[in-house]
Amino acid sequence: IEATRTCLAIDHFSPCGGMPQLLPGETRGAAEIIRDEYGLATAAAQRALGCLRQAAALSATAADCAHLREETVLTELVYRTNRACWNTARWLIARDAGDTDTMIVTARDERENALDAVELYRQAPWLDYPMRIDGKYSPAADMIAEKMKLIDRWIENHAIIANQGDTPC
């Protein structure tokens with residue numbers, strides 16, 4: 001992890017590279033389209049995950065159960081990855097707009113998503129990067145722990161700033 005502490009800050013979210021030309025009448029910018037598409041992908045993966053979880057009761061054999069478990073964890077990985085990308089786009093757009101409240105809500109959602117991902121990797125260690133990708137990678141649990149520290153520190157700093165103007169009734 002120490003070797004990857006290079007600053008990966010995005011100064012401005014402007015995902016124009018590789019974007020197709022906007023359709024006539026499109027009122028959203030590229031960043032908003034990307035955010036919305038990740039939101040749709042997240043919702044679709046969440047629905048698929050729900051369907052697979054419901055199908056567990058229909059599995060007739062041990063092989064069916066094993067295959068279904070594998071498909072379920074793969075689908076959850078897709079869901080958690082899309083949700084992380086959706087949260088990143090939401091957070092960057094809110095940051096660029098100076099919308100601290102949305103940034104805090106989004107950071108909290110990503111914190112929850114990351115915590116649930118730790119459990120996913122615990123249940124299916126074969127999904128972890130060092131187990132399935134050539135190269136030298138830190139375990140997902142270690143990377144998520146670092147992510148959680150960053151999120152917690154950011155929320156703590158910004159929630160205090162956001163609440164400074166609050167006055168009791």
Side-chain angles (χ1 to χ4, degrees), residues 1-11 13-15 17-19 30-31 33-95 102-159:
I1 290 179
E2 282 302 318
T4 62
R5 291 197 185 269
T6 305
C7 180
L8 298 175
I10 298 174
D11 292 332
F13 187 44
S14 180
M19 279 291 291
I33 292 170
I34 289 172
R35 177 203 56 210
D36 295 349
E37 290 297 318
Y38 273 122
L40 291 170
T42 300
Q46 187 176 33
R47 286 190 306 275
L49 185 56
C51 291
L52 288 169
R53 287 178 174 157
Q54 288 177 350
L58 305 174
S59 296
T61 67
D64 288 345
C65 289
H67 290 283
L68 183 60
R69 271 194 307 276
E70 185 174 294
E71 289 300 321
T72 302
V73 296
L74 286 169
T75 302
E76 184 172 351
L77 180 63
V78 169
Y79 164 69
R80 302 234 165 266
T81 302
N82 281 325
R83 185 171 163 190
C85 293
W86 179 51
N87 280 330
T88 300
R90 291 169 56 206
W91 192 90
L92 289 169
I93 290 168
R95 185 204 56 191
T102 298
M103 292 168 68
I104 292 169
V105 168
T106 303
R108 287 180 175 146
D109 186 66
E110 185 50 34
R111 185 183 196 288
E112 177 184 299
N113 185 44
L115 277 174
D116 290 341
V118 170
E119 180 60 21
L120 173 66
Y121 287 110
R122 189 191 67 70
Q123 290 177 12
W126 54 272
L127 290 175
D128 207 349
Y129 307 108
M131 299 292 290
R132 64 183 173 92
I133 299 176
D134 289 342
K136 185 176 179 180
Y137 295 93
S138 297
D142 292 350
M143 291 189 285
I144 291 170
E146 289 299 312
K147 178 180 185 173
M148 299 294 294
K149 288 178 192 175
L150 290 170
I151 290 172
D152 287 344
R153 189 168 46 243
W154 187 90
I155 289 173
E156 182 180 322
N157 290 337
H158 288 80

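Interatomic distance, CD of Glu70 versus CG of Leu52, reported as 12.0 Å (0.5 Å rounding). Atom CG of Leu74 sits about 13.0 Å away from atom CZ of Arg69, to the nearest 0.5 Å. Here the straight-line distance linking atom CG of Leu68 with atom OG1 of Thr75 works out to 9.0 Å at 0.5 Å rounding. Note that CD of Gln54 and OG1 of Thr72 are 11.0 Å apart. Values are rounded to the nearest 0.5 Å. With rounding to the nearest 0.5 angstrom, the CD atom of Glu110 is 9.0 Å from the SG atom of Cys85. Distance check, rounded to the nearest 0.5 Å: CD1 of Ile34 to OG1 of Thr88 gives 12.0 Å.
Contact detail for Met103 and Ala94: the closest heavy-atom pair is CG-CB, 3.6 Å. In plain terms, the two heavy atoms of Asn82 and Ala45 that are nearest each other are ND2-CB, 4.4 Å. What you find for Arg83 and Thr42 is that their closest heavy atoms are N-OG1, 3.3 Å. Between Ile93 and Ala31 the shortest heavy-atom distance is CD1-O, 3.4 Å. Contact between Ser138 and Met143 at its shortest, heavy atoms only, is O-CE, 3.2 Å.
The closest side-chain heavy-atom distance from Val73 to Leu77 is not below 4.5 Å. Residues Asp109 and Arg90 are in side-chain contact: their nearest non-hydrogen atoms beyond the backbone lie under 4.5 Å apart.
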Report the C-alpha distance between Glu146 and Lys149 in whole Å, list the side-chain angles of each, state the deciding distance to 0.1 Å, and finish with yes or no for salt bridge (Lys or Arg N to Asp or Glu O under 4.0 Å).
CA-CA 5 Å; Glu146 289 299 312; Lys149 288 178 192 175; 3.2 Å; yes
Could you walk me through whether Arg80 and Glu119 satisfy the salt bridge (Lys or Arg N to Asp or Glu O under 4.0 Å) test, starting with their C-alpha distance in whole Å, then the side-chain angles of each, then the deciding distance to 0.1 Å, before giving a yes or no?
CA-CA 11 Å; Arg80 302 234 165 266; Glu119 180 60 21; over 6 Å; no
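Sorted by first and then second residue, the pairs that involve residues 116-155 and meet ring pair (Phe, Tyr, Trp, His ring centres under 6.0 Å), not counting sequence neighbours, are Trp91-Trp154, Trp154-His158.
Shown are Arg111, Arg108, Lys147; of these, the salt bridge (Lys or Arg N to Asp or Glu O under 4.0 Å) with Asp152 is made only by Arg111.
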